[in-house]
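To start, the structure itself, in structure tokens.
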Amino acid sequence: MTAYQDFSKIAAIVLASLLFFAGGCQPEAPIPYEPYEETPPPDDPTDLAIYQLQKEYQTKIIYRYDRRYKSADAFAVPPRQELVLPYIENVIRKLFIAPYDRQRTDFMREHMPIEMIMFGTSMDYVEGGERNFSASGLAYGLSRVIITGVNDYDMANASWLRGQYATLHHEFAHVLDKIYGRPIGFDEVSKGLYAGGTAYGAFSQAEARSRGFWRNYGMTNESEDFATWVDGLMTTPKEEVMEIVEANDYLKQKYLLVYNFYLDKGIDIHVLQEYLQDILTNL
Amino acid sequence: MNKKIIPAIALLAFMVLGCEKKATVLPPRPVSEEVSQIAARYTELLASSSNGWILAYKPEQYDDTVYMQLRFQGVQTMSILSGYRGFHTVQEAVTYDFEGNYVPIIVFPGESVFGELAARFNGSQKFKMTYVENGGYFNLVRSDGYDNEAFRLDPAGAANQAKLDAQVDAVLAQIAHEEEQARLAEETRLKVKAFAEISTDFYFYNLITERFSARIDALDTLAKTISLTYKETPASVPTSATVTYSIYPKGIVISPVISYGSVVVDSIELGEVQEPTLQIVKAGNAGTGTMGYMHEAPYDFTLTTDRGTSITDWVTAPAQQVGLFAYTQNAEDYYSEVVNQHRQVFGTYLEQHGSDVKTDTRLVHQLYFPATSPTNLQISTHRQSASGNLFFLYRFAMEKSEAAASALTITFTEPAGATVPLKAGFDEYFSHVFPEEGVTVVPVIVGTTLRLRLVSVKDSRIWVEYILQTAAHRSLRFD
């Protein structure tokens, strides 16, 4: 057999193989492209307000009852539907978003909790570890804040309103805590002075202050310590704060740490308090 | 010496700096690259409208929409003309800026109409801005999330320009109106001042309109108060009130309002000063009138123990027909200054034309209301030649006058005895003291006793004060 004959034989085998493999492949049909269609704005005014907030701040207000948003041992009722819209417009926008965004552009766009779940009453625990405890708000990590007490909505009720915004800013402090972490050194100030195994309610306000806490609920843990300082500063005039923190070094240190934590992010917490107080005064 | 000054200056500087309030410095606001590009396009669009843009903006706590013409003259510079007072003329060289990480936020300066509206009416200086391509306009939403209301920024055209012009015209008209009102108010203030400075010897100082009549007890232009005493009905107890007044362009507004029955006096529209009075164009719903010095009383004086009995009822009642009813003494205090002048003339007349008359030590009036003979006035003097008195009797008729409050008309009818040859002198004297128009019977208290002054209705500078003869009468009270 000549070399030419050998080459022809090999070429015939390769060609036959190629034809075999080529014939064995079935052409795959392309996945059709379907452009994303944005959900049209809802017609219902409440849902529209929620939709607009979602577009603007990437947060979702959830008011329809879903038992998964509360623990099994807690009781809470859903908000009355007709109160949701005014709550959004007058509490969430004016008393929660605006105070920050007035001072720092886009602050809430970048920090709003992803979900805000509304309940009509407080969250009442009757069993388990939180027995006989009522929560006026809850924060789950940086993603979810539970709002309670919506069914008592009354913009003429200064006491209710103050409680609402104090809770909102308290829970939001937890969110910022999760995003940024508490100020360095904050946890060290009252180290060893927390309630520990004792119920925080066993400590008087004076005792709590002497240990560097804004109020005794802050003695629960470092996270609540931080958040109670925040809601305390946001509901107390600057002059009064200055008098309070003069009492001891624990208070002074924590005040400076919390104040500068916010200032560093463009928020003067005293300016914020004045804004809220001004609304309260002019009800 | 310098060695002493330098440490002192240093100490002073330290103290001054130590007092300086430290402002909180916030981090700079970022603008993303993407937003910068959009803002650059918006800047071009804004500058491309030769007549500028009209913003229809309503701050949360302001009742109306404020129209503004924004002329963007290039990067970060603009002029603003608004329909809001104080900013209704063009404000040039206004700077603006953009910020934001996600959407462009236009930032107007505080020293502009935006700053004013933000501070006073919860407005905003910063707005999220979006351009509506198919409409050719911008939507502006306040950037702090306070609400979601969008305000349109449209290219200036005839329709929206007309709205702005109308607002500016309204502001100008309002300013002109206020200037006119201020001018009128100043005129009114001067009227009140001129009125307060009027000084006369007229007996009564009143405020009288068609349905309201009061005595002015005091007018204090410093405290801006006026004290009045009035009667709601002729038989009412007098009411005294001190009210404050404030000037308004047409007159004065009084507070508290005087109100009783259907009468409401809440303001007094003033006319011209015609000394010694000031015209009242309108006093609340109590009609027109005058205030100031007058010859007549504001209302009938009535007996405090029986409001149905006026002082003229009492004087003319049969019970007073007891003979000598009232009399004067020779002292000048019993007569007004003008009457004393007339007495002087009358006394001279009597001495010249009468017989044995001496008047410089006695020239008095005595009113007699006898039960069976006509009422009469006796002028009594001393004798020139000896001790003792002379009496000149002149009969008169007396009746209540309907023409004036608390007034009597006294008509002298018949001189008697020694008066007859002196009738001309008596008539002349009485024409002043007892004019045809009548006399107002005015109660006055001297010490604890009641006296009556008969005040000429024709000229209240003329009055004579009488002592009541009956002791029991002196403890009565009229007001």
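Any value given below was found using the heavy atoms of this structure, including those in side chains, with hydrogens, waters and symmetry copies removed. The chains referred to below are lettered A, B, ... by the order of the sequence lines, with proteins before strands, and numbering in each begins at 1.
The number of heavy-atom neighbours closer than 6.0 Å to CD of Q174(B), taken from other residues, nucleotides and ligands shown, is above 12. In the displayed structure, D43(A) atom CG is contacted under 6.0 Å by at most 12 heavy atoms of other residues, nucleotides or ligands. With a 6.0 Å radius and a threshold of 12 heavy atoms from other residues, nucleotides or ligands, Y250(A) has its OH atom at or below the threshold. Atom NZ of K58(B) has more than 12 neighbouring heavy atoms from other residues, nucleotides or ligands inside a 6.0 Å radius. Heavy atoms from other residues, nucleotides or ligands lying under 6.0 Å from NZ of K60(A) number 12 at most.
Note that the NZ atom of K126(B) and the CG atom of D101(A) stand 8.0 Å from one another [nearest 0.5 Å]. Here the straight-line distance linking atom OG of S124(B) with atom CZ of R102(A) works out to 7.5 Å at 0.5 Å rounding. Taking OG1 of T105(A) as the reference point, atom CG of D144(B) lies at 9.5 Å (rounded to 0.5 Å). To the nearest 0.5 Å, the span separating CD on E60(B) from NZ on K94(A) amounts to 5.5 Å. The line from CZ of R104(A) to CD of E99(B) is 9.0 Å long, rounded to the nearest 0.5 Å.
Take Y100(A) and apply the ring pair (Phe, Tyr, Trp, His ring centres under 6.0 Å) test, not counting sequence neighbours, and it matches F107(A), H169(A), F172(A).
Both tests do not hold together for R93(A) against Y146(B): distance to the six-membered ring centre under 6.0 Å, angle to the ring axis within 45°.
Counted by atom type alone, N101(B) and E110(A) present one or more donor-acceptor pairs between their side chains at under 3.5 Å.
No part of E149(B) comes within reach of chain A, as not one of its non-hydrogen atoms sits under 4.5 angstrom from that chain. The contact between Y275(A) and chain B is made entirely by side chain atoms (from C-beta outward), counting heavy-atom distances below 4.5 Å.
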Go through the steps for E56(A) and N148(B) under the test side chain to side chain contact (heavy atoms under 4.5 Å, CB included), then give the verdict. CA-CA 10 Å; E56(A) 205 171 347; N148(B) 200 37; 3.5 Å; yes

